[in-house]
Every structure is written in structure tokens, then in C-alpha cells.
Amino acid sequence: MKVVIVGGVAGGATAAARIRRLDETAEIVVFERSGYVSYANCGLPYYIGGIIENAADLTLQTPESFWERFRVNMQVHHEVTAIFPERHTVAVRRLTDGYEFEEAYDKLLLAPGAKPTLPPLPGLDLKELFTLRTVEDTLRIRQFVEAQHPRSAILAGGGFIGLEVAENLRELGLEVTIVQRPSQLLNPMDPEMAAFLHAKLRQKGVRLLLEREVKGFAPAPKGLQMLLADGESLQADMGILAIGITPDTHLAAAAGLELGIRGSIRVNDRMETSAPDIYAVGDAVEIRNFITGQPSLVSLAGPANKQARIAADNICKKDSRYRGAQGSSVLKLFDMTAAFTGLSEKAAKAAGFCVDKLYLSPQNHAGYYPGGELMTMKLVFEAKSFRLLGAQIVGGEGVDKRIDVLATAIHLGMTAPQLTELDLAYAPPYSSAKDPVNMAGFMAENIQNGLLKQFFWDEIDQLPRDGSLQLVDARTTAEYALGHVQGFLNIPLDELRQRAGELSTEKPVYVICQSGLRSYLACRILAQLGFSCYNFSGGFRLYQTVWQNRQPAICAMPCGLEKN
């Protein structure tokens, strides 16, 4: 059996190694357009920033090492220019000298990946403007930084690559500005959770220009100009275009393969395309969203590697199936970690789910052990069944551990209350006896049992201040004095039993505190005294972060808040 693979990075290299492990006699040829195979895409921004010092560390394998270990013929600087399914061949151009030839195959695997989205804007050919997708891209940016010593950079786009590059350039001392049309960075997160990322970037000196449209680029006396739709222009020594990626599927389209959303290659759960003996994996393919069952694009290394393994199994006459992806992701942003899995609230609603949610702000480990860090967690679940749909966490240490636990729970179809049953490891430096994941389960269980009624950050400003509701802030007087939501009366939790007579059981009580814990305790006290009580999920910390994000340059205290 002869297998030809188009693309030698995550999907292609993984499939090649797996095929060899299953079939020692197979002839395996990989054609890679660039000069590198099996390299770490996700590590590229960290080479620019100097965290990864040696460029060779980005390359997991070389053509030579692949041959020595796997007897795979890795042909770099070779571009496949056409596919001929009817005669089982591909046309190939050797980029070093232009020589063209056809290569026959018994099985063909397409792993072309994706390419940077390049809208038809003027100035894309400026030498100071870069994209980041390959090792060659990274080397060009690093060489420019080392040779030109730029003092400022403009980035168009605030997804994973944009944020990682922004962090690394800022750590090098550059003035960094991020410009994008959407109102929030990292679109898979919900806006109130993305607000924590915005706050961290601003704290670190990164300028954010959101809801601004880029219309093109132009040369400047030193560097370039970014032209905006409102007529403003920004000048910097260099620019990064990171507005997204597009599946690289022109070969598949020209060969008549069936395409899916955004021009991706449509495959079945065996990773087979519509043409016999042709498989496809990675960023170029349409897959199934594990939760909704709907067609989706998930451009992540983990799913690409899993798909490659499944395609290799089926090429070697095994029966493997890909069940889909839920998009579990994690991002380092200076000293903050942001992570998510499954559906955001907005995505769940768009998919037709009737959703509920909860927020909590636990520490990453036992409070009495030094160095504890707060994290903010959001769980999204079905309103009636309580089936977990998604989770988002921002914080410091321990975020990655909790998101992986929640990703596993979602994959297994668990409900939010069932998180209480998980037996998770505990020692004071690592967790609490009631782990944050367990705590989220306890909250969901309280909602399910009617012990917890909630209201949320996007409802608080619509609550009437006409006396029909009773609004209470359960924090200390010192906390309240530093800033509070307009119209909320300060009754500290420890004084509530003595002061409950100041409230009427005839009117609902809405309670807020810093994180949501003390306000929950207040609601339990009041509920047993005959009050109808609602707890503010996420606490004043969440509310303040959202408002500061909306008015970053106007209010020292967020609009809608009061300070004594």
C-alpha cells in the first residue's frame, strides 16, 4: 500500500507515524510546502518573544529523523498543485527548481491546514506587515525585531495568535495596540468573561481599540500606518495581521470533493472525503460539534492529532470513528490563564438550548496556604436537565486543571449537580477539600433543589429603584465605601440577623457581595426568615470588571456605580 500525505505538520505527521506503527510495509510519502515538518505551531509566538530561545526547539522532527525512525519519505519544499481522484495521482511541484511530476497513491490523506485570512485590503505587501502561521513567518518576525528594534506594533485581530503575539511583543518592551471589529477579544468566550482579559491587557499597557474596522495599510516614514474606517490612522514600526484563518481547500475544491461550511472539506466520522480512498484531517475539515451535533470548524492541535490517528486507522483497515470536538482551549496572557470548553452561553442560545448558568470565584488552593489566587468560573448548562454544556475560567494557577476536569465531565454527559460526586485530589498547595469544581456542583445542586435563586450582571441595572424591590449589599462597610452598585443598601452579612427588621417580607430581596458567597449565605438566612431572596451570581468583582471594560477611559469608578 502506498500512502501519499499532503501536509506535514500536526495532522500529516501524526498520521504518517501512526500508519507506520500499524503497517511496516506501507510506502509513505509526505509532501510539505514549507521547509519544516512536525513543528509546534502553538509555540511560534513564544519564539518571537524569546521565551523559546532556539528555533530548532520549534521543530519536533526533521525529514531526516522521520526517515530514520519511521521510514517516512518527507519531501519538504514540495507543493501539491492538483489531485486527480479518477486516476489516483497528485501533481507535485518541487519549489527549489520548479520541476513538476505526478505521484500515484493507493490512499491519499489531505492535511493542508489553514491559511491566514487576508481580506482585499491595500498595503498587504508592506515589508513591515506580517502574518504568523509557519516557522518561516516566525523567523521573519524575529529577524525583523532583532534587526530593526521596533518600538511599537499594531495587531489586527484578537484571537489566540493575536493575543499571544501581543503578550510577547509587550514583554519585549514594545508599545502594542490591538484593533478589531468585534466588541470583545477571544470570541469563544462570553463578553463578561472576556472583560477580565481586556482588564489584564490594559493593566499590562496594551491598548485596545475594539469595534474599529481596519480598511488597509500604508507606508509611513518609519514603519507603517493602519487605516481605520472612521478615517483615523495609527502609526507603528510593525504590524501583525491576525484576523483569523481560512481552511486551505483549493486543491479539494478543484478536485471536486464535497465541501462544507466556510469552504472546508466535508468528511464522515471515518475522516473519509466524498472521493474514494481520499481522507482529510485538521484545520481544513468540517467536523461535528460534540455537543450540538452540528457542522463545525475547530482549528486546534488536539482535534487535528486525534483525527489523524483515526484516519490512519481506517487507511490501515481498522474501524475508528471521530465523535467530534468541543473546542477545549487554554491561553496564557501574562500572569493570567484563560480557558474554556464546550459552548459559551451565547453559542448555546444560538444552538437553541434553553440555558442556565452560574458563576463562582474560588481560590485555586486552600485559603490558609500562602499564595492563593482567585479564579472566576462560569458554567453553562441546560435549564431543565442541568446537563453541562460549557465552562469558562479566568485566573492564575489551577485554571488549566479545572477546565480539563470540566471538559471530561461534559464529554461524559454529566449534569452540573453531578460535579459534587467527583473525587478530586486534595492537598493544601493544590486545592481545597471542596475543590472549585465540586463547589460549582454544590451551587448547581442548590439551584436544582430550589435553595438558590439568582440574578445576573446583565440584569442588575434594569432592577427598579422605585422601592418595589429591596437591594442589599452584604459586604463590609469598608468594602462598600470603596465602591458599590447604585441603590444597594449596605447591610454586612454578620449584621444581617440583627438588622433583618429593616427589610419587609412583602418585597423580594436582591443581595450582592464581592464574589457571591456571602450574598448566598445572606439569602439562606433571609429565606428562613420568610423572605424571597435572589443572589447576585459572580459578585461585585464580576460586575465591576464588566463596567470598567465598557468605560475604560471615562470612569475611574464604573458608570452605574457609586463611591462614598
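Residues take their numbers from the sequence shown, with the count starting at 1.
By the ring pair (Phe, Tyr, Trp, His ring centres under 6.0 Å) test, F290 is found to be paired with H411, residues two or more places apart in sequence or in another chain being considered. The ring pair (Phe, Tyr, Trp, His ring centres under 6.0 Å) search around F130 returns F144, not counting sequence neighbours. The disulfide (SG to SG under 2.5 Å) search around C513 returns none, not counting sequence neighbours. Qualifying salt bridge (charged side-chain N to carboxylate O under 4.0 Å, His left out) partners for R321, counting only residues two or more places apart in sequence or in other chains: D269, D319. Residues satisfying the salt bridge (charged side-chain N to carboxylate O under 4.0 Å, His left out) criterion with R133, sequence neighbours excluded, are D283. Every residue two or more places apart in sequence or in another chain that forms a salt bridge (charged side-chain N to carboxylate O under 4.0 Å, His left out) with E286 is listed here: R266. In this structure, the salt bridge (charged side-chain N to carboxylate O under 4.0 Å, His left out) partners of E345, at least two apart in sequence or on a different chain, are K349, K357, K378. Legend: residues meeting side chain to side chain contact (heavy atoms under 4.5 Å, CB included) with Q294, ordered by chain and number and at least two apart, are T292. Taking the side chain to side chain contact (heavy atoms under 4.5 Å, CB included) definition, one finds that H365 meets it with Y369, sequence neighbours left out. Evaluation of the side chain to side chain contact (heavy atoms under 4.5 Å, CB included) rule for D400 yields V330 as partners, not counting sequence neighbours. The side chain to side chain contact (heavy atoms under 4.5 Å, CB included) check on Q307 picks up M271, V281, V285, I287, P303, Y322, with sequence neighbours excluded.
Nearest heavy-atom pair across V511 and C533 is CG2-SG, 3.5 Å.
Applying the salt bridge (charged side-chain N to carboxylate O under 4.0 Å, His left out) test to every pair with at least one member in residues 438-447, sequence neighbours left out, gives no pairs at all.
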